[in-house]
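Chain letters run A, B, ... following the sequence lines, proteins first, then strands; residues in each count from 1.
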Amino acid sequence: MPELPEVETIARELNQALSGQTIRKVQVRRPGLLEGDSPQGFEAGLAGKQVDRVARRGKYLVFTLVPQGVLVAHLRMTGKFVLQGGAESIPPSARVVFLLSGGERLLYQDTRCLGRLFLARTEEEAPPLARLGMEPLSGGFTPGWLAQGAAKSRTPIKVWLMDQSRVAGLGNIYVSEICFSARVAPTRPANSLNRGEIQRIHRVTGEILTQALACNGTTISDYRKVDDKTGTFQNFLRVYGKKGAPCPRCAAPIQRIVQHQRSTFLCPVCQK
DNA sequence: AGCGGAACCTGTCGGC
DNA sequence: TGCCGACAGGTTCCGC
């Protein structure tokens with residue numbers, strides 16, 4: 001479910017709520033979500049650790065622990081972290097329960113159980129993080145960098161932008177929106193984009209992610225903030241999920257196609 | 001290197 | 001009402 005703006009929103013809220021808190025006890029109710037550790041090893045590795053900070057890398061959440069260790073989480077499609085008071089009842093979709101020293105509980109909920117949690121000694125030692133590419137809101141994400149990478153690949157630009165080892169954090173919703181705003185057909189081979197098109201992709205990526213972040217992300221069905229509230233960027237989506245609706249630029253009907261087994265939404269008239 | 005397809009899971013919605 | 005297939009903010013693995 002969540003892409004960069006949603007994961008960043010969650011990371012900020014978790015950082016605010018958890019910094020300085022100690023994890024008293026952990027209950028793993030769905031062992032299949034863990035990578036590497038047994039439930040016992042995972043629970044033992046976290047009990048008594050203090051959360052120093054929570055940050056985002058790509059679509060991963062990284063909890064830095066004191067005295068040492070990191071907890072890494074990927075929410076995949078339906079994962080969410082929710083804070084609740086100790087008196088509330090724990091819902092069945094809570095797959096991992098973190099009991100905090102302050103009496104609150106942090107729930108990892110995940111209907112589809114596709115998410116993954118694991119422990120590592122350091123962020124550098126967490127293999128999936130090492131494979132991530134450029135952060136699209138970082139200074140290194142420049143038109144020049146984009147042009148150089150795209151020039152080497154015949155992969156459709158939508159699929160190229162979603163490859164986490166190239167650009168880390170973009171997913172199905174935002175890439176459809178980026179291609180639409182940049183007026184580039186998502187099926188275009190990455191190496192066919194000219195300088196102006198690369199520059200437009202670069203510019204609108206920053207604009208869209210920044211605006212989505214200001215909206216606390218996009219809620220279509222599952223995504224919730226840590227306080228269980230929704231994001232609001234869905235009100236600004238221009239093509240995602242809008243098959244048949246008039247294009248906001250030229251009024252032609254928005255089309256849905258499938259790329260890489262995922263839905264892509266586009267305007268067949270004004271995206272070239 | 002790169003691409004397509006299946007697998008991992010569960011829930012919901014639309015059509016017949 | 002009920003069943004069946006399609007679809008869902010993602011990633012990884014396998015075979016060609």
Integer angstrom distance from the P of C:dG5 to that of B:dA6: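 Straight-line distance between the two P atoms is 15 Å.
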Pairwise P distance for C:dC14 and B:dC9, with rounding to whole Å: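 Straight-line distance between the two P atoms is 16 Å.
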Do any side-chain nitrogens or oxygens of [X] fall under 4.0 Å of OP1 or OP2 in [N]?
X: A:His260; N: B:dC3; value: no
X: A:Arg256; N: C:dC7; value: yes
X: A:Arg131; N: C:dT12; value: yes

Closest to side chain of A:Pro128, choosing from C:dT11, C:dT12, C:dA8: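 Of the options given, the side chain of A:Pro128 lies nearest C:dT12.
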Quick one: [X] [atom1] to [N] [atom2], roughly how many Å, whole number?
X: A:Gln261; N: C:dT11; atom1: CD; atom2: C1'; value: 12 Å
X: A:Leu33; N: B:dT10; atom1: CG; atom2: P; value: 10 Å
X: A:Leu161; N: C:dG10; atom1: CG; atom2: P; value: 13 Å
X: A:Phe118; N: C:dT12; atom1: CZ; atom2: P; value: 10 Å
X: A:Leu129; N: C:dT11; atom1: CG; atom2: C1'; value: 14 Å
X: A:Ile220; N: C:dC7; atom1: CD1; atom2: C1'; value: 13 Å
X: A:Asp222; N: B:dG11; atom1: CG; atom2: C1'; value: 9 Å
X: A:Leu114; N: B:dG11; atom1: CG; atom2: P; value: 12 Å

DNA chain C contacts among residues 144-154 of chain A, heavy-atom distance under 4.0 Å: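 Nothing qualifies; none.
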A:Gln234 side chain to A:Thr219 backbone, donor-acceptor under 3.5 Å: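 Checked: pair present.
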Check: A:Thr78/A:Asp110 side-chain N/O donor and acceptor closer than 3.5 Å: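 Yes.
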Under 4.0 Å between any heavy atoms, over every strand shown, what does [X] touch: base, sugar-phosphate, or nothing? Just pick one.
X: A:Ser263; answer: sugar-phosphate
X: A:Thr155; answer: sugar-phosphate
X: A:Arg30; answer: sugar-phosphate
X: A:Arg116; answer: nothing

A:Phe81/A:Phe63 aromatic ring centres below 6.0 Å: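 Between A:Phe81 and A:Phe63, the centre distance is under 6.0 Å.
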Distance-only donor-acceptor test (3.5 Å): side chain A:Arg262, base C:dA8: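 Counting by modelled atom types and ignoring angles, no donor-acceptor contact under 3.5 Å is found here.
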Pair partner, B:dC9 [Watson-Crick or wobble, under 3.5 Å]: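 Base partner found: none.
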Heavy-atom pair of closest approach, residues A:Val239 and A:Ser176: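 The answer is CG2-O, 3.7 Å.
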Side chain proximity check, A:Leu266 to A:Ile254, heavy atoms < 4.5 angstrom: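 A side-chain contact is absent here, since even the closest heavy-atom pair is not under 4.5 Å.
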Heavy-atom side-chain contact between A:Leu61 and A:Leu75 under 4.5 Å: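 Heavy-atom side-chain distance check passes, below 4.5 Å.
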side-chain hydrogen bond (donor to acceptor under 3.5 Å, both in side chains) between A:Gln259 and A:Thr264, intermediate numbers included: CA-CA 7 Å; A:Gln259 290 181 285; A:Thr264 299; 2.8 Å; yes
Sidechain N-carboxylate O distance under 4.0 Å for A:Arg183, A:Glu197: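 A:Glu197 and A:Arg183: not salt-bridged.
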